[in-house]
Amino acid sequence: MPEYKNTAGKKKPQKNNNITNAIRVLFFWVIVAVFVVAVFGGFNLNNSKVTEEEKTLTEVLTLVNEGSIEKIVVKGDELHVVPKENADMNPIVSRKESGSSLQEQGFADAVKEGKVNIEVQENVDMLGIILDAALIIVPVVLLGAFLIYMVRQAQNMNNQNIGFGKAKARLYGNEKKKVLFSDVAGNESAKQDLAEVVDFLKNPKKYERLGAKIPRGVLLAGEPGTGKTLMARAVAGEAGVPFFSISGSEFAEMFVGVGASRVRDLFGKAKKNAPSIIFIDEIDAVAHKRDARGGAGREDEQTLNQILVEMDGFDNDTGVIVMAATNRVDMLDKALLRPGRFDRHVNVALPERKDRVDILNVHFKNKPVADDVNLDALAAKTAGSSGADLANIANEAAITAARENHKVITNADVTEAFERVAIGPERKSKVMNDQERKITAYHEAGHAIVGHVLPDSDPVHKVTIIPRGHAGGVTWFLPPEDRSYKNIYELKDVLARAMGGRVAERMIFGEDGITTGASSDLQHVAELAREMVAEEGMGAKLRDQVFNTEEVNFFGDRAKIYSEKTSEIIDAEIEALNKEAGTRAEAVLKANRKYLDALAKELLEKETLEETEVAEILKGTTLPTAAKLHD
């Protein structure tokens, strides 16, 4: 196996913004220029800090003859007279006639007699020189800074163009702690399917000897949160090969051709590190069905075409396997699913009860848990939950325990975490008046009694009138065991118990007393009834007929492919199911009116009732004939 380097997690040095760099260079040279001007200009200013007194030449000559002058400095036509130290006077400035010397002005005798020293200096205007130099240097500096900026800009654009078509895949494989199948709880059937892929990567000759070819691709399909990505990481960990991970959306770009370029780059890297695994998460982002809207210039279709070419163009001995994950297999293009590309489809299903127990044990393993915590009971309550949901429950339980200052996670913390994840947090700040509490109590009691009495309904788990999430109250119905299918009687009981809240409101408070509290129940009834009729073939007139197929027209709109008459029949069937559910719920509540009052009264007092408490209150309830569907 060729060696490879793991660059995952290493950050490349960040490049400064080009404009910022140019500004910094310009600012530096401006500072240098200001510094030079300040130094030389300051020198002249320092020399002229002492105030000079202006006098005529005659007055200066008189002072010289009096012996008060040390020396005279001649700068052009200016005379800077320096008094002797014992003379109490300021320096003097005077002017001579242009072109004449001091000797010509009457100072010759004084010089001969040694009464004064005369120094002649060239009158150099340093500040003027600096300013003249600045007029030359500053434009040169600015031009140089601009050229530097342009060169760096060109280099950066070139680097960006070079890396624009590179795949942004993360490389895993030589981490100290690898993900193995033992780290993935549940999904034993999926792990068995993937074990052959691992064995092929470890022992390819065993299969090649028998003429077997490496699977070109493995498609992991399942609900969100079921562990598809973790399963792919486990395959790479078990096989001990490089694992290139990338999301389908990372191929997408606004420029045509970039996605295809990144696909070529990704597959090229995988071949160089073969045997290896390419994992494309959420592949439906770039591999959805091509339809009548298509066109050769569309970026997503070019990307998909390149993936198809790369998978079909593999040599048999490359040792590269493509794994992909999606929760929308129905959206994938058929060309991607044919044999020779994704040869193996692995269903990563929602965990069953025993699998949920294993997953919960994994997530609670490193947490301090009290003895009263029953993970088996929690697994029973979490039917239909994914591995991610269970991990979230474990984390929420730890957060709840910390918030309550518990040293260990208690069963109450776990229960609160489950209810928070399933429904939402308690809204203890929500204040309801007495009338709203009474309406909520009868509403939830209506759900509970109908569900308790009907023979094919799941048992009541808990009833509360404390607001949770968006609900003013909650009634839980939990199945005693996991079930893959539901029959028509069970679904009709679900419809009836969902209508129990609205029917109870109407019975107690009259037609004018019904509220918006049943809106979510009515929406659930409408959706379930439509599913039963149009997708499950459970209508009375349209029995065993399914109408959930849609087609996409030229404009990309999804349209029904059945007639308007059929649509009217579907609507009538849905309405019939809704009315039947309301009629059955009303029959149950009328036959058990005293239990409705008793349960509502208990809810107003305690606010929350557990399964055993509800069962005790509802002892003696009866199933009326009008609510029966079968003997």
Side-chain angles (χ1 to χ4, degrees), residues 221 223-224 284 287-295 300 326-334 337 384 446-447 450-451 454 456-458 470-471 477 483-503 505-506 511 514-588 626-630:
E223 296 292 327
D284 49 274
H288 52 76
K289 292 178 181 178
R290 292 169 287 187
D291 49 46
R293 294 174 298 163
D300 52 353
T326 182
N327 57 345
R328 294 296 307 272
V329 179
D330 58 307
M331 291 183 62
L332 298 183
D333 193 85
K334 293 181 180 179
L337 301 178
H447 287 311
V450 174
L454 294 180
D456 296 299
S457 172
D458 297 325
H470 297 290
F477 297 91
R483 285 176 293 182
S484 301
Y485 306 103
K486 283 190 175 182
N487 60 43
I488 190 171
Y489 300 119
E490 292 169 337
L491 292 176
K492 284 189 173 184
D493 280 3
V494 172
L495 293 176
R497 77 190 188 202
M499 292 294 296
R502 170 54 67 87
V503 173
E505 288 183 20
R506 184 181 290 111
E511 192 67 38
I514 59 177
T515 68
T516 58
S519 60
S520 60
D521 298 328
L522 299 178
Q523 182 179 355
H524 175 59
V525 169
E527 291 174 352
L528 179 56
R530 177 167 292 279
E531 180 183 347
M532 291 171 64
V533 174
E535 300 180 21
E536 305 297 344
M538 293 181 176
K541 296 181 180 179
L542 300 174
R543 185 61 58 91
D544 302 330
Q545 299 182 60
V546 177
F547 303 95
N548 63 334
T549 305
E550 295 179 340
E551 67 177 4
V552 180
N553 60 23
F554 179 79
F555 300 100
D557 301 322
R558 294 188 177 276
K560 299 175 182 177
I561 60 173
Y562 46 85
S563 67
E564 287 298 325
K565 183 177 180 180
T566 301
S567 181
E568 292 176 2
I569 296 175
I570 291 174
D571 292 340
E573 295 267 36
I574 293 171
E575 184 180 1
L577 285 174
N578 290 356
K579 287 184 177 180
E580 179 186 83
T583 301
R584 296 180 68 215
E586 185 176 6
V588 170
K628 291 182 179 180
L629 292 176
H630 58 86

_Taking salt bridge (charged side-chain N to carboxylate O under 4.0 Å, His left out) as the definition, give me every residue that meets it alongside K541, ordered by chain and number, with sequence neighbours left out._
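Partners of K541 under the salt bridge (charged side-chain N to carboxylate O under 4.0 Å, His left out) test: none.
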*Could you tell me whether E580 and R584 make a salt bridge, using a distance below 4.0 angstrom between a side-chain N and a carboxylate O?*
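No salt bridge links E580 with R584.
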Does a side-chain heavy-atom distance below 4.5 Å link [X] with [Y]?
X    : Y    : answer
M532 : I574 : no
M538 : K492 : no
D521 : R497 : no

[atom2] on [Y] to [atom1] on [X], rounded to 0.5 Å:
X    : Y    : atom1 : atom2 : answer
D330 : L332 : CG    : CG    : 8.0 Å
E564 : D571 : CD    : CG    : 9.5 Å
E505 : E511 : CD    : CD    : 11.0 Å
D493 : I488 : CG    : CD1   : 11.0 Å
L528 : L495 : CG    : CG    : 4.5 Å

Can you name the nearest heavy-atom pair linking [X] to [Y], along with the distance?
X    : Y    : result
V588 : A627 : CG2-CB, 3.6 Å
F477 : G451 : CE2-CA, 3.5 Å
A529 : N578 : CB-OD1, 3.7 Å
A221 : V329 : CB-CG2, 3.3 Å
M499 : A581 : CG-CB, 3.9 Å

*Can any side-chain N or O of E535 pair as donor or acceptor with the backbone N or O of R530 at less than 3.5 Å?*
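Flag not set: sc E535 to bb R530 has no pair under 3.5 Å.
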*Measure from the side-chain N and O atoms of E573 to the backbone N and O of L542, and report whether any donor-acceptor pair falls under 3.5 Å.*
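Answer holds: yes.
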*Excluding sequence neighbours, so at least two apart, what forms side chain to side chain contact (heavy atoms under 4.5 Å, CB included) with E490?*
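Here the qualifying residues are D456, R483, K486, N487.
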*Short side-chain donor-acceptor distance under 3.5 Å, T516 and S519*: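 No, because no side-chain N or O of S519 sits under 3.5 Å from a partner of the opposite role on T516.
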*What's the verdict on side-chain contact (heavy atoms from CB on, under 4.5 Å) for N327 and E223, showing C-alpha distance, side-chain angles and the deciding distance?*
CA-CA 5 Å; N327 57 345; E223 296 292 327; 5.8 Å; no
_V533 and side chain to side chain contact (heavy atoms under 4.5 Å, CB included): which single residue from I570, I569, V546 fits?_
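Passing option: I570.
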